[in-house]
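A short write-up of the structure that comes next.
Only this structure's heavy atoms are used, side chains among them; waters, hydrogens and symmetry mates stay out.
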Amino acid sequence: MTERQLIQEILNTVDVIYNFVNTDDDKKEYEIIINRQDGDHRPLENINKEIKQYFTDANFSYDEELNDNGDDIHVQVKR
């Protein structure tokens, strides 16, 4: 499984919408925008905490920035 596939597996497990914004497969660095799905009322902080746990368990660095209006999480992960 590639890093990108593992990232997709993690984000699908948490059931969020995501877009890869900037990727470098050679350096194994990925920039991702994560959004809640329509009708998902979980606090963004809880979603972020769950995602972060999965990434750290998979030995990725995880640098996040929650959007001021609470709509999305901007994440940079690296392995």
Side-chain angles (χ1 to χ4, degrees):
M1 178 178 288
T2 67
E3 278 78 16
R4 186 186 292 254
Q5 289 170 324
L6 181 56
I7 291 168
Q8 291 172 323
E9 185 71 26
I10 289 170
L11 296 173
N12 288 334
T13 298
V14 181
D15 202 23
V16 291
I17 299 169
Y18 57 90
N19 283 318
F20 287 93
V21 178
N22 193 8
T23 63
D24 188 336
D25 291 321
D26 293 333
K27 291 184 179 179
K28 300 178 183 178
E29 296 177 349
Y30 305 88
E31 185 177 347
I32 309 162
I33 302 293
I34 302 170
N35 297 92
R36 286 180 282 210
Q37 294 201 29
D38 290 342
D40 186 349
H41 299 293
R42 296 177 291 172
L44 199 59
E45 294 81 13
N46 292 357
I47 294 170
N48 182 58
K49 184 185 282 186
E50 184 177 355
I51 294 169
K52 187 173 189 170
Q53 183 64 49
Y54 280 117
F55 276 110
T56 55
D57 287 350
N59 296 318
F60 280 92
S61 67
Y62 185 88
D63 184 26
E64 78 273 28
E65 181 180 316
L66 274 62
N67 192 331
D68 289 341
N69 62 11
D71 288 338
D72 62 39
I73 307 168
H74 186 125
V75 178
Q76 294 193 17
V77 295
K78 182 178 179 180
R79 197 163 207 193

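Remark: His74 NE2 to Leu66 CG distance equals 11.5 Å, nearest 0.5 Å. In this structure, Tyr30 OH and Phe55 CZ are separated by 10.5 Å, a value rounded to the nearest 0.5 Å. To the nearest 0.5 Å, atom CG of residue Leu44 and atom CD1 of residue Ile34 are 9.0 Å apart. Separating the CD1 atom in Ile33 from the CD atom in Glu65 is a distance of 9.0 Å, to the nearest 0.5 Å.
The backbone N or O of Asp26 sits less than 3.5 Å from a side-chain atom of Asp24, completing a donor-acceptor pair. Not a single donor-acceptor pair under 3.5 Å links the side chain of Arg4 to the backbone N or O of Asp25.
Within the 4.5 Å cutoff, side-chain heavy atoms of Asn48 are placed close to those of Tyr62. Residues Val75 and Ile51 form no side-chain contact, since every pair of their non-hydrogen atoms from C-beta on lies 4.5 Å or further apart. Within the 4.5 Å cutoff, side-chain heavy atoms of Leu6 are placed close to those of Arg79. Within the 4.5 Å cutoff, the side chain of Phe20 has heavy atoms near those of the Ile7 side chain. Proximity of Tyr54 to Leu11: side-chain heavy atoms (C-beta onward) are nowhere separated by under 4.5 Å.
Counted by atom type alone, Asn46 and Glu50 present zero donor-acceptor pairs between their side chains at under 3.5 Å.
Nearest heavy atoms, Asp15 versus Arg42: O-NH2, 3.6 Å. Closest approach of Ile47 and Arg36 over heavy atoms only: CD1-CG, 3.3 Å.
Here the rule is side-chain contact (heavy atoms from CB on, under 4.5 Å) with Glu3, and of Lys28, Glu29, Lys78, Gln8 only Lys28 fits it.
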